[in-house]
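These values consider heavy atoms only, across backbone and side chains, with no hydrogens, waters or symmetry-generated copies. In this chain, numbering begins with 1 at the start of the sequence shown. Keep in mind that this is a model prediction, so the values were computed, not measured.
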Amino acid sequence: QVQLVESGGGLVQSGGSLRLSCAASGRIFSVNAMGWYRQAPGKERELVAVIRSGGSTNYADFVKGRFTISRDNAKNTLYLQMNSLKPEDTAVYYCNAELLDGSSPYPRSDYWGQGTQVTVSS
């Protein structure tokens with residue numbers, strides 16, 4: 001089994017910064033990609049940013065220039081540096097991983113963390 005554990009959420013004022021972390025552990029053979037998603041109350045979960053094993057990244061338009069995704073491959077840890085936070089960034093942030101865990105010859109993309117709450121006050 002694989003576990004993803006997020007940390008770093010909290011309450012911050014508009015314009016402030018937070019850094020989220022996601023540590024992956026367990027039976028991991030290789031990680032193809034890791035990403036951050038978020039879900040605000042009453043809304044669907046949406047992609048925030050993704051980083052692939054080669055280091056390429058993609059960001060949602062609403063975070064470009066403000067958020068930076070990075071990963072430590074040796075530690076299987078994912079980060080999200082969030083700057084210039086806005087009240088509309090308030091949501092539960094989830095970590096997702098696409099990886100090989102030995103249960104299938106194909107990568108699985110259904111591993112999720114428990115989520116970490118980010119609240120931005122105006």
Side-chain angles (χ1 to χ4, degrees):
Q1 268 289 23
V2 174
Q3 296 81 38
L4 302 179
V5 179
E6 301 105 333
S7 60
L11 173 63
V12 64
Q13 288 188 333
S14 182
S17 298
L18 283 174
R19 188 190 193 211
L20 305 183
S21 299
C22 171
S25 63
R27 187 179 172 85
I28 300 172
F29 287 89
S30 65
V31 179
N32 289 0
M34 297 185 77
W36 290 99
Y37 291 71
R38 72 185 188 186
Q39 188 167 18
K43 295 188 176 181
E44 294 187 352
R45 191 171 297 188
E46 58 185 357
L47 175 67
V48 175
V50 62
I51 184 167
R52 298 172 185 81
S53 58
S56 63
T57 59
N58 286 98
Y59 294 90
D61 287 343
F62 53 77
V63 302
K64 282 182 179 178
R66 300 189 298 125
F67 292 9
T68 302
I69 190 171
S70 61
R71 61 190 277 187
D72 184 331
N73 291 331
K75 296 181 179 179
N76 283 333
T77 300
L78 179 70
Y79 304 98
L80 185 68
Q81 178 65 43
M82 305 187 294
N83 298 328
S84 302
L85 283 161
K86 306 174 182 179
E88 51 263 45
D89 293 318
T90 296
V92 178
Y93 284 71
Y94 297 92
C95 172
N96 173 262
E98 180 184 290
L99 53 84
L100 284 168
D101 64 358
S103 67
S104 166
Y106 307 104
R108 291 180 56 173
S109 58
D110 57 346
Y111 283 115
W112 293 90
Q114 81 287 354
T116 185
Q117 176 70 47
V118 171
T119 303
V120 184
S121 63
S122 56

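For the residue pair L99 and A97, the shortest heavy atom distance occurs at CD2-CB, 3.7 Å. Listed here is the closest heavy atom pair of K64 and D61: NZ-OD1, 3.2 Å. Residues N83 and S17 share a closest heavy-atom pair of OD1-OG, 2.9 Å. In plain terms, the two heavy atoms of R27 and G102 that are nearest each other are NE-CA, 4.3 Å. For the residue pair M34 and A24, the shortest heavy atom distance occurs at CE-CB, 4.4 Å. What you find for S14 and P87 is that their closest heavy atoms are OG-CD, 3.8 Å.
Side-chain contact between V12 and T119 is absent, with no heavy atoms from C-beta onward closer than 4.5 Å. Between N76 and V31, some side-chain heavy-atom pair lies under the 4.5 Å cut-off. At least one side-chain heavy atom of Q114 sits less than 4.5 Å from a side-chain heavy atom of E6. Looking at N96 and Y111, their side chains never come closer than 4.5 Å, going by heavy atoms from C-beta outward. By the 4.5 Å heavy-atom criterion applied to side chains, V48 and Y59 are not counted as neighbours. Using a 4.5 Å heavy-atom threshold, the side chains of R38 and F62 count as touching. Contact of the L18 side chain with the L85 side chain is registered, since non-hydrogen atoms from C-beta on lie closer than 4.5 Å. Considering only heavy atoms from C-beta on, L78 stays 4.5 Å or farther from L20 through its side chain.
Taken from CZ in R66 to CE in M82, the straight-line distance is 9.5 Å, to the nearest 0.5 Å. L80 contributes atom CG, which lies 14.0 Å from atom CZ of R71 (distance to the nearest 0.5 angstrom). Here the straight-line distance linking atom CG of N58 with atom CG of L47 works out to 8.0 Å at 0.5 Å rounding.
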What verdict does the ring pair (Phe, Tyr, Trp, His ring centres under 6.0 Å) test give for Y37 and W112, after you've listed the backbone C-alpha separation in whole Å, the side-chain angles of each residue and the deciding distance to 0.1 Å?
CA-CA 10 Å; Y37 291 71; W112 293 90; 5.0 Å; yes

One pair to check against side chain to side chain contact (heavy atoms under 4.5 Å, CB included): Q81 and S70. What are the steps and the verdict?
CA-CA 8 Å; Q81 178 65 43; S70 61; over 6 Å; no

W36 and C22: CA distance, side-chain angles, deciding distance, side chain to side chain contact (heavy atoms under 4.5 Å, CB included) verdict
CA-CA 9 Å; W36 290 99; C22 171; 3.7 Å; yes

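Among T68, I69, V50, the single residue meeting the side-chain contact (heavy atoms from CB on, under 4.5 Å) criterion with T57 is I69.
Note on V92 and L4: separate hydrophobic clusters, where clusters join Ile, Leu, Val, Met, Phe, Trp and Tyr whose side-chain heavy atoms are under 4.5 Å apart, directly or indirectly. Cluster annotation: Y94 is not connected to V120 through the hydrophobic network of ILVMFWY side chains, with a link wherever side-chain heavy atoms come within less than 4.5 Å.
With T90 contributing its side chain and E88 its backbone, the two residues share no donor-acceptor pair below 3.5 Å.
A salt bridge does not link K86 to D89: none of the charged nitrogens lies less than 4.0 Å from a carboxylate oxygen.
Remark: R19 qualifies as a cation-pi partner of Y79 under the 6.0 Å distance and 45° angle criteria applied to the six-membered ring.
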